[in-house]
Amino acid sequence: QVQLVESGGGLVQAGGSLRLSCAASGRTSSNYGMGWFRQAPGKEREFVATITRLGRYTLYADSVKGRFTISRDNAKNTVYLQMNSVKPDDAAVYYCAATTAIGTLTHEVGYAYWGQGTQVRVSS
């Protein structure tokens with residue numbers, strides 16, 4: 001089992017940048033594929049990005065492709081989401097999740113472990 005704690009959320013100006021972190025404890029994070037999801041008020045939670053166990057493969061939602069970058073440092077048991085050129089539509093609670101499945105999963109059903117989320121607000 002792994003415990004996940006997100007950090008780095010806050011208020012960012014549209015066009016600005018923010019980096020989210022997800023610290024994993026318990027079993028080492030290299031045992032898990034990791035993903036970022038987000039949920040805006042009144043909307044369903046949606047996939048943002050995912051990265052495989054060793055960081056070899058990544059996958060992004062079309063809405064963030066070219067602006068967000070997911071990465072991981074397994075020595076630090078931490079996964080990151082670098083958010084650049086942030087838009088008002090990016091405002092949401094961002095969740096980190098872990099999966100034991102192989103490959104790049106885009107559906108939340110495949111993720112067994114979740115953090116509590118970190119809020120990102122965007123000022124225009």
Side-chain angles (χ1 to χ4, degrees):
Q1 187 162 331
V2 63
Q3 293 78 43
L4 305 173
V5 178
E6 302 95 335
S7 62
L11 179 65
V12 59
Q13 198 167 15
S17 297
L18 201 63
R19 189 176 81 158
L20 306 183
S21 298
C22 173
S25 60
R27 293 191 69 190
T28 57
S29 63
S30 60
N31 289 309
Y32 301 90
M34 302 295 293
W36 285 98
F37 291 76
R38 67 186 182 186
Q39 186 169 22
K43 294 186 177 181
E44 293 186 353
R45 189 155 58 186
E46 64 176 2
F47 166 76
V48 175
T50 184
I51 188 167
T52 51
R53 299 180 185 198
L54 299 181
R56 188 170 299 174
Y57 300 104
T58 59
L59 190 66
Y60 298 91
D62 287 344
S63 59
V64 307
K65 199 174 297 182
R67 299 187 299 119
F68 291 9
T69 301
I70 187 171
S71 62
R72 65 191 301 161
D73 184 340
N74 285 342
K76 296 182 178 179
N77 283 332
T78 302
V79 176
Y80 304 98
L81 185 69
Q82 178 67 43
M83 305 168 60
N84 296 331
S85 303
V86 172
K87 302 177 180 180
D89 284 349
D90 294 324
V93 177
Y94 282 72
Y95 297 92
C96 174
T99 177
T100 56
I102 303 298
T104 50
L105 262 64
T106 62
H107 200 286
E108 61 179 272
V109 170
Y111 291 83
Y113 306 101
W114 291 82
Q116 293 300 307
T118 185
Q119 177 113 43
V120 172
R121 294 176 292 142
V122 181
S123 64
S124 55

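For clarity, every value in this text was computed on a predicted model and none was experimentally measured.
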Between atom [atom1] of [X] and atom [atom2] of [Y], what is the distance when rounded to the nearest 0.5 Å?
X: Gln39; Y: Glu44; atom1: CD; atom2: CD; value: 8.0 Å
X: Ser7; Y: Gln116; atom1: OG; atom2: CD; value: 13.5 Å
X: Glu46; Y: His107; atom1: CD; atom2: NE2; value: 12.5 Å
X: Thr78; Y: Leu20; atom1: OG1; atom2: CG; value: 12.5 Å
X: Gln1; Y: Tyr113; atom1: CD; atom2: OH; value: 5.0 Å

Output yes when a side-chain donor or acceptor of Arg53 lies under 3.5 Å from a complementary backbone atom of Thr100, and no otherwise.
->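 Between the backbone of Thr100 and the side chain of Arg53 there is a qualifying donor-acceptor contact (under 3.5 Å).
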Are the side chain of Arg72 and the backbone N or O of Thr52 linked by a donor-acceptor pair below 3.5 Å?
->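 Yes, Arg72 side chain to Thr52 backbone: donor-acceptor pair under 3.5 Å.
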Show your reasoning for whether side chain to side chain contact (heavy atoms under 4.5 Å, CB included) applies to Met34 and Leu4.
-> CA-CA 10 Å; Met34 302 295 293; Leu4 305 173; 3.8 Å; yes
Are [X] and [Y] grouped together when hydrophobic residues (ILVMFWY) are joined by side-chain heavy atoms under 4.5 angstrom apart?
X: Val93; Y: Phe47; value: yes
X: Val79; Y: Leu59; value: no
X: Val120; Y: Val64; value: yes
X: Tyr111; Y: Tyr32; value: no

Do the non-hydrogen side-chain atoms of Tyr94 and Glu6 ever get within less than 4.5 Å of each other?
->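 A side-chain contact under 4.5 Å is absent here.
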Taking the side chain as C-beta and beyond, is there a heavy-atom pair between Arg67 and Met83 under 4.5 Å?
->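 Side chain of Arg67 against side chain of Met83, heavy atoms only: no contact under 4.5 Å found.
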Salt bridge check: are Asp62 and Lys65 linked by an N-O gap of less than 4.0 Å?
->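 Yes, this pair counts.
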State, to 0.1 Å, how close [X] and [Y] come at their nearest heavy-atom pair, and which atoms those are.
X: Val2; Y: Ala24; result: CG2-CB, 3.7 Å
X: Tyr60; Y: Ile70; result: OH-N, 2.9 Å
X: Ala49; Y: Leu81; result: CB-CD1, 4.3 Å
X: Ala40; Y: Ala91; result: CB-O, 3.7 Å
X: Ser17; Y: Ser85; result: OG-N, 4.4 Å
X: Phe68; Y: Val48; result: CD2-CG1, 3.8 Å

Just say parallel, tilted or perpendicular for the rings of Phe37 and Trp114, cut-offs at 30° and 60°.
->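 Tilted.
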Does a sphere of radius 6.0 Å around CD in Gln13 hold more than 12 heavy atoms from other residues, nucleotides or ligands, not counting ones at 6.0 Å or beyond?
->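 It does not: Gln13 CD has 12 such atoms or fewer within range.
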